[in-house]
Amino acid sequence: MADIPDDSELQLRKFQKELSAGTVSLALLAVLGRSATPMYGYQIAKRLESLDGVLSGKQSALYPVLRNLSAAGLLDSHTEPSAAGPPRRYYRITEAGRITLQQWTAAWRATRDSVDAVLEGIRE
């Protein structure tokens, strides 16, 4: 009989999925914010995968986020032919994306610090 995950494992997976939803956008902006040149999706995915857990092996989750960030004006993109297959879409962060990255980074750090304080039992 196949192993059936217990309730705690299911809850952990749900929690990880919820955490991932917002952090992928932040991580994407950070990767592109540090890149001197535009990057295509596979390059971005490989960079994120090297940071253990950000994508959790789900490269397909990257592309809808890239489209949403582009639609919001946080990324610019263009397509270039590729000798190794179909054309590639390259992304770069916009000025609005850089401002958003700064805001989201501050919000992330404040949230992280607050949650860490609660988890560690520190009260101000």
Side-chain angles (χ1 to χ4, degrees):
M1 188 173 212
D3 287 340
I4 298 172
D6 65 19
D7 192 47
S8 64
E9 289 177 12
L10 292 173
Q11 290 302 318
L12 177 59
R13 285 188 200 148
K14 181 180 180 220
F15 178 69
Q16 288 172 324
K17 184 177 179 180
E18 290 169 355
L19 278 178
S20 177
T23 56
V24 170
S25 294
L26 174 59
L28 265 171
L29 285 180
V31 164
L32 289 167
R34 288 188 195 105
S35 179
T37 59
M39 297 175 72
Y40 59 93
Y42 185 74
Q43 287 176 310
I44 298 166
K46 285 299 172 193
R47 182 83 45 93
L48 289 173
E49 285 177 358
S50 73
L51 304 172
D52 277 345
V54 175
L55 271 185
S56 301
K58 297 177 184 170
Q59 286 185 18
S60 61
L62 175 76
Y63 296 97
V65 176
L66 285 167
R67 284 191 295 274
N68 289 340
L69 294 173
S70 292
L74 305 180
L75 301 177
D76 277 336
S77 70
H78 68 277
T79 303
E80 291 183 14
S82 169
R88 292 179 176 157
R89 180 163 299 278
Y90 286 81
Y91 297 88
R92 72 173 183 82
I93 193 168
T94 63
E95 189 56 35
R98 289 187 188 284
I99 292 166
T100 299
L101 175 58
Q102 290 175 345
Q103 293 169 337
W104 289 3
T105 299
W108 168 262
R109 289 183 175 146
T111 301
R112 178 200 61 203
D113 292 348
S114 177
V115 170
D116 282 349
V118 171
L119 292 175
E120 293 169 11
I122 298 171
R123 299 188 184 198
E124 297 181 325

Within the side chain of Ser114, is there an N or O that forms a donor-acceptor pair under 3.5 Å with the backbone of Ala110? no
Go through the structure and list residues passing side chain to side chain donor-acceptor pair (under 3.5 Å) with Ser8, not counting sequence neighbours. Asp6
Sequence neighbours excluded, every pair satisfying ring-ring contact (aromatic ring centres under 6.0 Å, His included) that has a member inside residues 81-108: Tyr40-Tyr90, His78-Tyr90
Here the gap from Asp7 atom CG to Leu12 atom CG, rounded to the nearest 0.5 Å, amounts to 11.5 Å
Sequence-distant partners of Thr111, side-chain contact (heavy atoms from CB on, under 4.5 Å), two or more places apart: Val115
My understanding is that only residues two or more places apart in sequence, or in another chain, count here; which of them pass side-chain contact (heavy atoms from CB on, under 4.5 Å) with Ala84? Ser82, Arg88
Residues two or more places apart in sequence or in another chain: which of them pass side chain to side chain donor-acceptor pair (under 3.5 Å) with Ser70? none
Output every pair passing salt bridge (Lys or Arg N to Asp or Glu O under 4.0 Å) with a member in residues 94-110, not counting sequence neighbours, ordered by first then second residue. none
Residue set satisfying side-chain contact (heavy atoms from CB on, under 4.5 Å) with Asp76, at least two apart, ordered chain then number -> Arg92, Thr94
Qualifying residues under side chain to side chain donor-acceptor pair (under 3.5 Å), relative to Asp113, sequence neighbours excluded: none
Taking side-chain contact (heavy atoms from CB on, under 4.5 Å) as the definition, give me every residue that meets it alongside Arg34, ordered by chain and number, with sequence neighbours left out. Ala30
Who passes side chain to side chain donor-acceptor pair (under 3.5 Å) against Arg89, sequence neighbours left out? Ser77, Thr79
Please say yes or no: joined through hydrophobic side-chain contacts below 4.5 Å, possibly via intermediate residues, are Leu26 and Ile99 part of one cluster? no
Results of salt bridge (charged side-chain N to carboxylate O under 4.0 Å, His left out) for Arg67 - residues two or more places apart only: none
ring-ring contact (aromatic ring centres under 6.0 Å, His included): which pairs involve residues 12-32, sequence neighbours left out? none
Please determine whether side chain to side chain contact (heavy atoms under 4.5 Å, CB included) holds for the pair Lys46 and Glu49, giving the CA-CA distance in whole Å, both sets of side-chain angles, and the decisive distance to 0.1 Å. CA-CA 5 Å; Lys46 285 299 172 193; Glu49 285 177 358; 3.2 Å; yes
